[in-house]
Amino acid sequence: MALLWTLVTLSFAAAAPRVGAHDGFTRLVFDLPGNATSKVSAAGRSVTVKLNVSLKAEQGPLKAEGVTAYAVSGGTITVTLAETGSAGKTKVSVLPRSGAAAARLVIDVPTSTAELASRPVTPPPVAASASVTRPRVVLDAGHGGVDPGMTSQWLREKDVTLDVALRTRAELVKHGVDVVMVRTVDKDLSADKRTDLDARSRLATTGRVSAYISIHVNAGGPSAQGIETYYFGQPLAGSDRSRAVQENGGGSVGQELTRKAANSAQGLLGDIVAQAKLSFSRQLAQKVQSRLVQYTGAVNRGVQTDAFYVIRNPTTPAILTEIGFGSSPSEGPRLASAAYREKIAQGLARAILDFLNTK
């Protein structure tokens with residue numbers, strides 16, 4: 001969707017929103033004093049967001065399509081809409097503080113040119129026939145061909161990721177989801193790692209894609225185990241770059257691509273549109289992490305951000321999940337088991353279906 005961003009300058013205090021006119025919706029952005037949680041209620045021509053942080057009291061008219069006024073009182077923000085019925089189709093996202101960028105509340109109000117779905121993300125449909133539309137996801141089985149990924153006495157990463165991806169595809173197809181596979185056999189897209197990762201990344205933006213999921217197996221010390229899921233961004237405070245460097249090709253190539261991806265992440269901090277899209281990636285990552293832990297009983301290592309080259313483009317909700325430690329004496333043998341990989345695939349498919357609001 002083409003974005004026509006126009007910043008409207010308002011003569012209000014810090015509590016006043018920044019307003020942007022886009023193709024199909026008007027975006028309001030409120031800066032927040034810190035990370036916040038929100039509770040949204042919508043009725044008639046108003047959307048009310050209750051936050052657990054307090055803002056300066058402020059109110060005034062808004063001269064933008066779809067909205068007429070706003071009011072801020074303590075932790076409550078109310079936006080008055082131009083049309084009855086659009087409240088239920090308005091999207092609300094809270095973006096956490098990231099580097100130099102403050103935490104923000106983003107409210108997207110549909111305009112007359114298009115409507116936004118009320119769910120967190122609108123899966124772009126792909127026409128399967130004249131009367132049927134289907135969401136499309138990309139499954140990236142990490143590594144392959146000349147690049148085996150991590151190896152241990154129990155497994156090779158490229159074999160496990162491919163098997164899990166194929167099993168996940170089979171489940172998604174049962175539910176009417178179109179699945180694009182980065183690979184279906186043991187091959188790479190290029191023997192050159194930079195070219196390989198570029199080609200994988202481009203699949204996230206080729207055609208209409210609702211989600212991009214890159215599947216990997218972790219490596220660490222003998223005691224390291226569990227599942228962790230990433231969306232694109234700077235590493236969390238105190239973390240190192242070793243994980244991203246390895247998945248970005250390892251060695252000097254991995255270090256170069258990680259630096260490039262980290263610079264991209266830094267450049268996105270001030271881009272409101274990109275940050276809103278990355279919030280969808282965070283939602284997808286949270287659903288994947290929760291379901292994988294639920295279905296496998298594995299240790300929950302949480303959702304994190306890091307500079308993975310393959311998911312660096314924020315135009316599509318994209319994540320990278322490390323489904324376990326192949327180096328672990330307990331987890332390695334489980335990952336080598338077809339029954340355990342089926343549990344992973346079922347959990348991953350269920351999370352994707354949750355994200356797409358598909359039964």
Query raised in the report: Are the side chain of Ser152 and the backbone of Gly326 linked by a donor-acceptor contact shorter than 3.5 Å?
Result: yes
Requested in this report: Find out whether Thr90 and Val40 are in side-chain contact, i.e. whether some heavy atom of one side chain is under 4.5 Å from a heavy atom of the other.
Outcome: no
Query raised in the report: Heavy-atom distance under 4.5 Å between the side chains of Tyr212 and Ser281, does that happen here?
Result: no
Query raised in the report: Of the non-hydrogen atoms in Ala298 and Tyr340, which two are nearest, and what is the gap between them?
Result: CB-OH, 3.8 Å
Requested in this report: Please determine if Asp188 and Arg183 form a salt bridge, counting it only when a charged side-chain N lies under 4.0 Å from a carboxylate O.
Outcome: no
Query raised in the report: Is the shortest heavy-atom distance from the side chain of Tyr231 to the side chain of Gln283 under 4.5 Å?
Result: no
Requested in this report: Indicate yes or no for a side-chain donor-acceptor contact from Ser328 to the backbone of Ser330 under 3.5 Å, with no hydrogens or angles considered.
Outcome: yes
Query raised in the report: Side chain of Asn52, backbone of Thr37: donor and acceptor closer than 3.5 Å?
Result: yes
Query - Backbone N/O of Asp147 and side chain of Lys158: donor-acceptor pair under 3.5 Å - result: no
Report summary line: In short, Thr26 meets Glu65 closest at the heavy-atom pair OG1-O, 2.6 Å
Query raised in the report: Got a second to check how far Met181's CE is from Asp140's CG, nearest 0.5 Å?
Result: 9.0 Å
Query raised in the report: Is Thr48 reaching over with its side chain to a backbone N or O of Ser41, donor-acceptor style, under 3.5 angstrom?
Result: no
Query - Gln294 side, atom CD; Gln346 side, atom CD - distance, nearest 0.5 Å - result: 12.0 Å
Query raised in the report: How long is the span from the CD atom in Gln304 to the CD atom in Gln289, to the nearest 0.5 Å?
Result: 8.5 Å
Query - Point-to-point distance, once rounded to the nearest 0.5 Å, from CG of Leu348 to CD1 of Ile213 - result: 6.5 Å
Report summary line: From the list Glu228, Arg301, Glu331, side-chain hydrogen bond (donor to acceptor under 3.5 Å, both in side chains) with Asn218 holds only for Glu228
Report task. Answer yes or no: is there an ion pair linking Asp354 with Lys287, defined by an N-O contact shorter than 4.0 Å? Result -> no
Query raised in the report: Just by modelled atom types, is the Leu335 backbone N or O under 3.5 Å from a matching donor or acceptor in the Arg341 side chain?
Result: yes
Requested in this report: Mark yes or no for whether Arg156, through its side chain, and Thr151, through its backbone, hold a donor-acceptor pair below 3.5 Å.
Outcome: no
**Report entry** Heavy-atom closest contact (Ala336 atom, Leu155 atom, distance)
**Finding:** N-CD2, 4.2 Å
Report task. Can you measure from OG (Ser210) to CG (Asn357) and round to the nearest 0.5 angstrom? Result -> 11.0 Å
